[in-house]
Amino acid sequence: MIKWWMTRNGYQIYPRSFFDSNNDGIGDIKGITLKLDYLKELGIDLIWICPFYDSPMDDNGYDVRNFFDVAKEFGTLDDFKELLKKAKTLDIKIILDFVLNHTSDEHPWFIESRSSINNDKRDYYIWEEGKLVNDKLMPPTNWGSFFSGSAWNYDQQTNMFYMKIFSNKMPDLNWKNKEVRNEMINVGKWWLDLGVDGFRIDAVSHLDRAPFIDSTISNEIVLDWNKFSNLPKVHTYLKELNEKLFSKYDALTIGEVGGAASIKSGLKYSAFDRFELSMVFNFDHNWCNNLNEITDYKDLKTDVLSLKRVFNNWQTAFTDKGWLPLNWLNHDQPRLMSHYGDLAFFKESAKMLATALYLMRGMPFIYQGEEIGMTNYHFTKFSEFNDVSSINHYHSLDEKLSEKEKLRIVAKSSRDHARTGIQWENSEFAGFSKVKPKVLINSNYKDINVLDNISDESSIWHHYKKILELRKNSEYQEVLVFGKYKQLKLKDPNLYIYERESNDKKILVINSFSKDVYEYKVTYKVKNILLKNYEDILIKNNIIKLRPYESVVLEVFK
């Protein structure tokens, strides 16, 4: 089953921090349009754009106030139509974030819903009465929110609680209500009719709720995934969406099913024979290191065996059954180079990481700035945090902790790292804007920026381009996009090696995750060297001497 999107190279854009075209300090839609030629040159032919809908921006646009309009800071609907028009001339497909789980508390539906228990929109959201404990009004259950605190928020107007598994300003929609489902189908139709090619579906695994009974994990407020993640009814809703919406437009749909999602549940969402979603993003590979156990980044270490196991399990499970997106990070994770890279071997490790991931079976999704090796931001004060979950995390910490300790704890996993402005040039404000940006700009832009990368043939950017070109090469597309995946040396703690094979070709992808030197014997006769991240390859008698973070891609005789 071959679909139009399977051969595409994807790229994720976070509009606020991508490029500022009108010099107001914020990235915008026209900024994306101006950079489409850049993306095309890199080898991108599909972009996922994070929310730019009208929003109070409590969660940077994921709190939607109006699904049919553009936030003023990002531009206008006409700007988006111009973006669509230019993208089509470049054969770049566009998918948008489709936010199904919640709206903003400023959305007209919720304003009506909270106005009265008898309002027609009351049942668009999830309302419950609180409970009295020692004469104190408490939330209906002890369920916790992903953004700290309770999953319920008290609303004085009707003396009841509404569910919000994220921010207080993001009330959850009630998907049991058929009218809600029809409203969201109409939203999807509107954008698809406008010309978008599909959706990345935010928090899709959270559309159902367990009975409102306290979690037994703890007597206190606790985040219990089992109460609102990957419950059976979600699949009923998705099948309805697929039948009435997605399939009508042959739309690409990628669900965010992180957290408690297993490979088994991933297949339920996106196997070819399930008729729900095209693919699912999972996050099993995003935390294969000791980040949460260390106090100093110099002690950060990748758990290569765990990473290889995750890759192997997902690749193997989806063989012939479904398709996978290939992504190192997104707008919610730390920067790749600060997470899995080695700054002492900056170019080498960055190129190796790209080779290791993007030649597997699936569809690449590069996150903005990854192609030049952008790194985490160095926080020096609390006021620099913009992400609502980071701010809530900070305020939830023990007051006895020092300011420095609080900063260190929150910065470890802050989503703000991935939301710093793209470092376009070695000039003031990194070429992101001509005025002081309203987004964070990493101070290392003089050393890490797009312009310098493009002018340097040995740069990380050019390596990414070569990988994407290789996937598009008519001679190798069949094997690299659709071919079988087989991992070798599964128990080696330093080397990640796999084969890609089709009827007439076999490709060997060799990657070292170590700063030490290792030898690897190639058991096949080498036909061609397709890609490397050093200028040469040290090979003798079919034994390759792998230098720190070296990667080699070989076409071998079958």
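FYI, side chains are in, hydrogens and waters are out, and symmetry mates aren't considered; it's all heavy atoms of this structure. For the single chain, residues carry numbers from 1 onward in sequence order.
Scanning for side-chain contact (heavy atoms from CB on, under 4.5 Å) contacts around N286 gives F283, Q333, with sequence neighbours left out.
Aromatic rings from F385 and F379 are positioned such that their centres are separated by under 6.0 Å.
Each of V439, D20, I441 was evaluated against S433; a single residue qualifies, D20, per the side-chain contact (heavy atoms from CB on, under 4.5 Å) test.
When only modelled atom types and interatomic distance are considered, Y62 and H331 share a side-chain donor-acceptor pair under 3.5 Å. When only modelled atom types and interatomic distance are considered, Q487 and Y496 share no side-chain donor-acceptor pair under 3.5 Å. Neither side chain, S459 nor D456, offers a donor N or O lying under 3.5 Å from an acceptor on the other. Side chain to side chain, S458 and K347 meet the donor-acceptor criterion of an N or O pair below 3.5 Å. For the residue pair Y367 / N327, no side-chain donor-acceptor distance below 3.5 Å is found, with atom types taken as modelled. A donor-acceptor contact under 3.5 angstrom links the side chains of Y476 and E555, judged on distance only. Under the 3.5 Å distance criterion, with hydrogens and angles disregarded, no donor-acceptor pair is assigned to the side chains of E425 and Y445. In summary, the side chains of T253 and S278 do present a donor paired with an acceptor at a separation below 3.5 Å, with no hydrogens or angles considered. Side-chain atoms of E550 and Y520 form no donor-acceptor pair, as typed in the model, at a separation below 3.5 Å. Under 3.5 Å, the side chains of N449 and Q423 contain no donor-acceptor pair of N or O atoms. The closest side-chain donor-acceptor pair between H393 and S148, if any, does not fall under 3.5 angstrom. For the residue pair D342 and S349, no side-chain donor N or O sits within less than 3.5 Å of a side-chain acceptor on the partner. No donor-acceptor contact under 3.5 angstrom links the side chains of N330 and Y14, judged on distance only.
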| message | Is there a ring-ring contact (aromatic ring centres under 6.0 Å, His included) between Y340 and W328? Walk through the geometry before answering. | response | CA-CA 9 Å; Y340 286 143; W328 272 122; 5.5 Å; yes
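Judged by distance alone, the side chain of K351 and the main-chain N or O of Y549 form no donor-acceptor pair under 3.5 Å.
Between H206 and W225, the two ring planes are tilted [angle within 30° to 60°].
For the pair K93 and W4, the cation-pi criterion (under 6.0 Å, within 45° of the ring axis) is fulfilled.
Closest approach of N60 to R419, counting heavy atoms only: ND2-NH1, 3.4 Å.
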